[in-house]
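Remarks on the structure that follows.
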Amino acid sequence: MKDEVLAALKESGDYVSGQELCGQLSVSRTAVWKAVSKLKEEGYEIDSVPNRGYCLLTAPDAMTEAEIRSYLHTEQMGQNLVCFDDTDSTNIQAKLLAEKGAPHGTLVCSDQQTKGRGRRGRAWDSPPGEAIYMSLLLRPGIRPEHASMLTLVMGMAVADAINELMDDSLAGIKWPNDVVLKGKKVSGTLTEMSAEMDCIHYVVIGTGINVNTQKFPEELNQATSLRLTTGRNFRRAELIALCMKYFEKYYGLFEETEDLSLLTDEYNRLLVNQNQEVRVLEPENEYTGLALGINNQGELLVRREDGHVEEIYAGEVSVRGVYGYV
Ligand code: BTN
């Protein structure tokens, strides 16, 4: 009920009478009053004036179900929504839900994580109140070897969502899926999968976005946030909903072909490595070349000095700028 009352108040942007809310939501006046009281407890400032009704004055930057739903306009992605104040890792929680049969498109969010995990076994620093930690559960009907491309799809969705909120096209992608702002990392994605040889049980795409972070530990000197880049704060719930909007759009295009052929142009437009000299770090080998963009499988095409074009698969390889992170 709280979610519906909040959505109605947000949609109106003005005073809505108790009677109107009762009629719209088919509930009693007491139910509306209780929902408003709960919202106030969560930090919403709601004015109530006799004969005029309720008006939403300010909303907290909360990652609650009510707040995320008030921005969410997808058909599937995020419609089954699970929000925590605190959890070990949203990827762990999404996998547990998957094992219990949670549907395709389930989104798990948390305000903080105690065991946030990054790629290559690293920890992902996850303090409360400033960043997004979210994991999307998918049950794609695709072959397991195609699932890694979904990580790139999420990278695109996050970059586009950030660009829409910032009214600027500052966000780009460092191959394969780090989202960067002015050469520093603002978001990373860790994708995990449960599968058999020829069929996927589920995929969990876990994404962290540094939103209102003002300071990072010294060792994270390549990290940035939306706040540090622009000097202003952003609503995390709104950004989550935008990520779901773009992910749903791009996932539909990915599903049509089971590869990135309908998405390569858009991806390559966002790719900050495009036409840049990069250093390719393979487990046993290192070389420099010119990044040409991705192919339909999401592999990075790199032209070596002898003219040969390598197709780099993300797995064990990492790519850096010649002079630094990008
Ligand atoms: C990276 O190393 O770049 C990937 C970082 C992924 C972090 C996110 S935060 C939400 C989800 N839960 C986790 O434990 N990890 C991912």
Side-chain angles (χ1 to χ4, degrees), residues 63 68 77-78 81-98 102 106-138 147-159 161-162 171-181 183-194 202-213 216-217 219-226 236-237 239-241 243-244 247 270 272-273 281 298 300 314-321 325-326:
M63 291 214 310
I68 296 170
M77 300 303 160
L81 185 57
V82 180
C83 296
F84 294 97
D85 288 335
D86 189 2
T87 191
D88 43 9
S89 149
T90 54
N91 268 32
I92 295 178
Q93 293 304 318
K95 286 190 280 180
L96 288 173
L97 288 168
T106 295
L107 181 68
V108 181
C109 300
S110 185
D111 186 54
Q112 62 179 311
Q113 299 183 118
T114 48
K115 283 193 189 140
R117 291 179 307 164
R119 293 173 68 206
R120 299 170 201 272
R122 295 191 196 112
W124 185 262
D125 203 29
S126 309
E130 57 188 39
I132 290 171
Y133 315 110
M134 63 177 183
S135 299
L136 184 63
L137 164 64
L138 300 176
S148 62
M149 285 183 259
L150 289 167
T151 316
L152 281 73
V153 178
M154 183 57 89
M156 290 174 69
V158 172
I162 292 176
I173 299 175
K174 174 185 175 282
W175 183 84
N177 61 16
D178 284 357
V179 177
V180 295
L181 284 172
K184 290 191 162 192
K185 177 163 169 173
V186 71
S187 166
T189 291
L190 170 70
T191 299
E192 299 182 80
M193 173 168 74
S194 161
Y202 60 82
V203 172
V204 166
I205 309 179
T207 302
I209 310 176
N210 306 324
V211 184
N212 297 320
T213 319
F216 289 97
E219 63 277 14
L220 296 181
N221 56 358
Q222 298 295 353
T224 192
S225 68
L226 272 73
R236 290 175 294 164
L239 184 53
I240 290 173
C243 290
M244 292 301 104
F247 187 86
L270 289 165
V272 292
N273 314 102
L281 311 173
L300 185 67
E316 287 288 290
V317 183
S318 63
V319 168
R320 301 245 172 287
Y325 166 66
V326 176

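Bear in mind that the values here come from a model prediction, so they are computed numbers and not experimental data. Counting starts at 1 for both ligands and their atoms, following the listed order.
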Requested in this report: From the options Arg119, Lys185, Arg117, select the one whose nearest heavy atom is closest to atom 3 (O) of ligand 1.
Outcome: Lys185
Report summary line: closest protein heavy atom to atom 10 (C) of ligand 1 is Thr90 OG1, 3.2 Å
Query raised in the report: Any donor and acceptor pair, going by atom type alone, linking the side chain of Tyr133 with main-chain N or O of Pro127 inside 3.5 Å?
Result: yes
Query raised in the report: Trp175 side chain to Gly298 main-chain N or O, any donor-acceptor pair under 3.5 Å?
Result: yes
Query - Expected output: side-chain Asp178 to main-chain Lys185 donor-acceptor under 3.5 Å - result: no
Query - Ser148 backbone acceptor or donor facing Thr151 side chain under 3.5 Å - result: yes
Report task. Select the closest option to atom 4 (C) of ligand 1 among Ile205, Thr189, Ile209, Asp178, judged by heavy-atom distance. Result -> Thr189
Query raised in the report: Nearest 0.5 Å, what's the CD1-CE distance between Ile173 and Met156?
Result: 6.5 Å
**Report entry** Heavy-atom nearest neighbour in the protein, as seen from atom 12 (N) of ligand 1, with distance rounded to 0.1 Å
**Finding:** Gln113 OE1, 2.9 Å
Query raised in the report: Is it true that Arg120 lies under 4.0 Å from ligand 1, counting heavy atoms only?
Result: no
Query raised in the report: With distance as the sole test, does Ser187 use its side chain to make a donor-acceptor pair with the main-chain N or O of Ile209 at under 3.5 Å?
Result: no
Requested in this report: State the CE-CG distance between Met134 and Leu81, to the nearest 0.5 angstrom.
Outcome: 11.5 Å
Report summary line: Gly208 heavy atoms within 4.0 Å reach ligand 1 at atoms 7 (C), 8 (C), 9 (S)
Requested in this report: Could you check Leu270, Leu239, Val153, Thr207 and say which one makes a side-chain contact (heavy atoms from CB on, under 4.5 Å) with Val158?
Outcome: Thr207
Query raised in the report: Counting only heavy atoms, which portion of Ile92 has something under 4.0 Å from ligand 1: side chain, backbone, both, or neither?
Result: neither
Query raised in the report: Do ligand 1 and Ser89 have nitrogen or oxygen atoms that lie under 3.5 Å from each other?
Result: yes
Report task. Could you list the atoms of ligand 1 found under 4.0 angstrom from a heavy atom of Gly206? Result -> 6 (C), 8 (C), 11 (C), 16 (C)
Report summary line: With heavy atoms and a 4.0 Å threshold, my read on which part of Arg122 contacts ligand 1 is neither
Query - Pairing of Arg119 and Glu192 as salt bridge, 4.0 angstrom limit - result: no
Query - Atom indices of ligand 1 within 4.0 angstrom of Ser135 heavy atoms, with elements - result: 11 (C)
Report summary line: Ranked by distance from atom 5 (C) of ligand 1, the top protein heavy atom is Trp124 CE3, 3.3 Å
Query - Atoms in ligand 1 flagged as close to Met134, the criterion being non-hydrogen separation under 4.0 Å - result: 10 (C)
Query raised in the report: Under 4.0 Å from any heavy atom of Gly116, which atoms of ligand 1 are there?
Result: 14 (O)
